[in-house]
Amino acid sequence: MTKTIAFANQKGGVGKTTTTVNIARAAITDHGLKVLVVDADPQGNATKVLAPKHQGPLDCSLATVLDKTKSTPMSDTIRVSEWTNLDVVPAGSDDLADVAQSLVTMKAGRESRLKKAIADISDRYDLILIDCPPSLDQLPINAFTAADAIVVVAELGQFALDGLDRLLDTVEIIQEYTNPKLTIAAAIVNGVQNTKRMTHWRSELGSALAQLPTPVPVLDPPVQRATFIAEAQEAGQGLDQWGSTKASVLHQTYVQHLTTILNSIYEGGR
Ligand SMILES: Nc1ncnc2c1ncn2[C@@H]1O[C@H](COP(=O)(O)OP(=O)(O)OP(=O)(O)O)[C@@H](O)[C@H]1O
Ligand SMILES: [Mg+2]
């Protein structure tokens, strides 16, 4: 059965897109899955990495799927990516930002437009990954309504926990009103530099998430801050293709994290 995972944090630049891309890579190379990445961020960063020919405004994109005046079928938006067994729904750039705004005034059904669109194509894929924007507006709300699970991507530090409560509140509202089966499968820590401070903040994050009614595990090991991660992404290459031992080891970490996330989703009985 197809599973849908949203990568989320309303804080900008914490590694949502990086995590989405590397988990997608792990899913096709080692898990042998057929994967769709839905770029739900008007910045279009996942599109830039995975399907660079389909950046910017387009006749068919996530923007036109969600636009109530267009309602493009999801199947018309799907683009083949640079990687075998991975397809992409491009964001549609600024149009997606405009559409997110227009959904605010839509009277009914606005939270479920993405869920409905995904339902039409989900049987073509094993795994659907949604790269969320750094906000908690109608785009992540649509993503959370469509998803089986959320993976929180977090950095460590003094301000890292600040937005967590709002994210968790939003998830609770979605669970109550639009998607009772939604779970938070895990948190992945990204961009860590090894210092004593980090140990402190890692434990703060762990305790905050362990205290939830359904405790959320923080996956170990965390992803370090390393130039090769950004370089491989800019080159559109998987970490397994990058040719360094550190990159291969990190690729395997993502493989392991995906196993844990999928186990958590399946254990949830969904
Ligand atoms: N572990 C890391 N080491 C080095 N560079 C990283 C790492 N993680 C992310 N980056 C780089 O930092 C920048 C921000 O990362 P990314 O785009 O994944 O964050 P994001 O949460 O998706 O951002 P946004 O909120 O803007 O969508 C990118 O240029 C990315 O290549
Ligand atoms: Mg991003």
Side-chain angles (χ1 to χ4, degrees), residues 5-26 37-52 54-56 61-63 81 88-94 96-97 100 129-144 147 150-157 159-164 166-167 170 186-195 198 201-202 205 218-242 244 246-254 256-257:
I5 303 171
F7 292 83
N9 191 332
Q10 74 273 29
K11 274 178 106 69
V14 295
K16 294 178 288 297
T17 303
T18 302
T19 309
T20 307
V21 166
N22 288 318
I23 290 282
R25 183 76 196 169
V37 169
V38 177
D39 189 351
D41 183 353
Q43 298 177 99
N45 295 341
T47 309
K48 275 175 213 159
V49 176
L50 298 170
H54 303 288
Q55 296 178 45
S61 66
L62 186 65
S81 82
V88 178
V89 171
S93 189
D94 291 346
L96 184 58
L129 305 178
I130 309 174
D131 185 20
C132 289
S135 68
L136 283 173
D137 66 11
Q138 280 302 317
L139 294 171
I141 287 173
N142 263 269
F144 298 172
I150 292 173
V151 170
V152 175
V153 181
E155 279 185 334
L156 298 179
F159 308 120
L161 291 177
D162 288 354
L164 195 61
R166 268 188 66 221
L167 175 61
T170 306
I188 291 183
V189 172
N190 180 61
V192 173
Q193 285 155 318
N194 274 334
T195 62
M198 289 297 167
W201 293 118
R202 163 69 181 77
L205 177 68
V218 180
L219 302 188
D220 275 322
V223 176
Q224 305 291 318
R225 178 152 296 281
T227 315
F228 73 81
I229 298 174
E231 284 173 349
Q233 189 165 294
E234 281 163 25
Q237 291 210 355
L239 293 167
D240 57 309
Q241 298 171 299
W242 193 241
S244 77
K246 279 187 179 171
S248 302
V249 169
L250 182 56
H251 173 73
Q252 284 307 321
T253 298
Y254 283 110
Q256 185 187 318
H257 286 347

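Atom set for the values below is all heavy atoms of this structure, side chains included, hydrogens, waters and symmetry mates excluded. Counting starts at 1 for both ligands and their atoms, in listed order.
- Residue-level proximity to ligand 1 for Gln43 is carried by the side chain, the only part with a heavy atom below 4.0 angstrom.
- Remark: ligand 1 and Thr19 share no N or O pair separated by less than 3.5 Å (distance only, no angle test).
- By the criterion of a heavy-atom distance under 4.0 Å, neither the backbone nor the side chain of Val153 is placed next to ligand 1.
- Considering backbone and side-chain atoms alike, Gly12 places every N or O at 3.5 Å or more from each N or O of ligand 1.
- The local environment of CG in Asp220 is crowded, with over 12 non-hydrogen atoms from other residues, nucleotides or ligands closer than 6.0 Å.
- Proximity of atom 12 (O) of ligand 1 to the protein is not indicated, since no non-hydrogen protein atom lies closer than 4.0 angstrom.
- With rounding to the nearest 0.5 Å, the separation of CG in Leu205 from CE in Met198 is 11.5 Å.
- Checking only distances, Cys132 never comes within under 3.5 Å of ligand 1, N or O to N or O.
- The proximity of Asp41 to ligand 1, defined as any non-hydrogen pair under 4.0 Å, is limited to the side chain.
- Both the backbone and the side chain of Arg225 come within 4.0 Å of ligand 1, counting heavy atoms alone.
- With hydrogens left out, the protein atom closest to atom 7 (C) of ligand 1 is Asn190 ND2, 3.8 Å, a heavy atom.
- Contact annotation: for Ala226 versus ligand 1, heavy atoms closer than 4.0 Å belong to the backbone alone.
- Within the 4.0 Å heavy-atom shell around ligand 1 one finds Gln224.
- In this structure, the protein non-hydrogen atom closest to atom 15 (O) of ligand 1 is Thr18 OG1, 3.7 Å.
- Here Thr17 reaches the Mg ion (ligand 2): one of its N/O/S atoms is less than 2.8 Å from the metal.
- The shortest N or O to N or O distance between Thr17 and ligand 1 is below 3.5 Å.
- Protein heavy atom closest to atom 25 (O) of ligand 1, with residue, atom name and distance, is Lys16 NZ, 2.8 Å.
- Where the criterion is an N or O separation shorter than 3.5 Å, residue side chain and backbone included, Gly15 meets it with respect to ligand 1.
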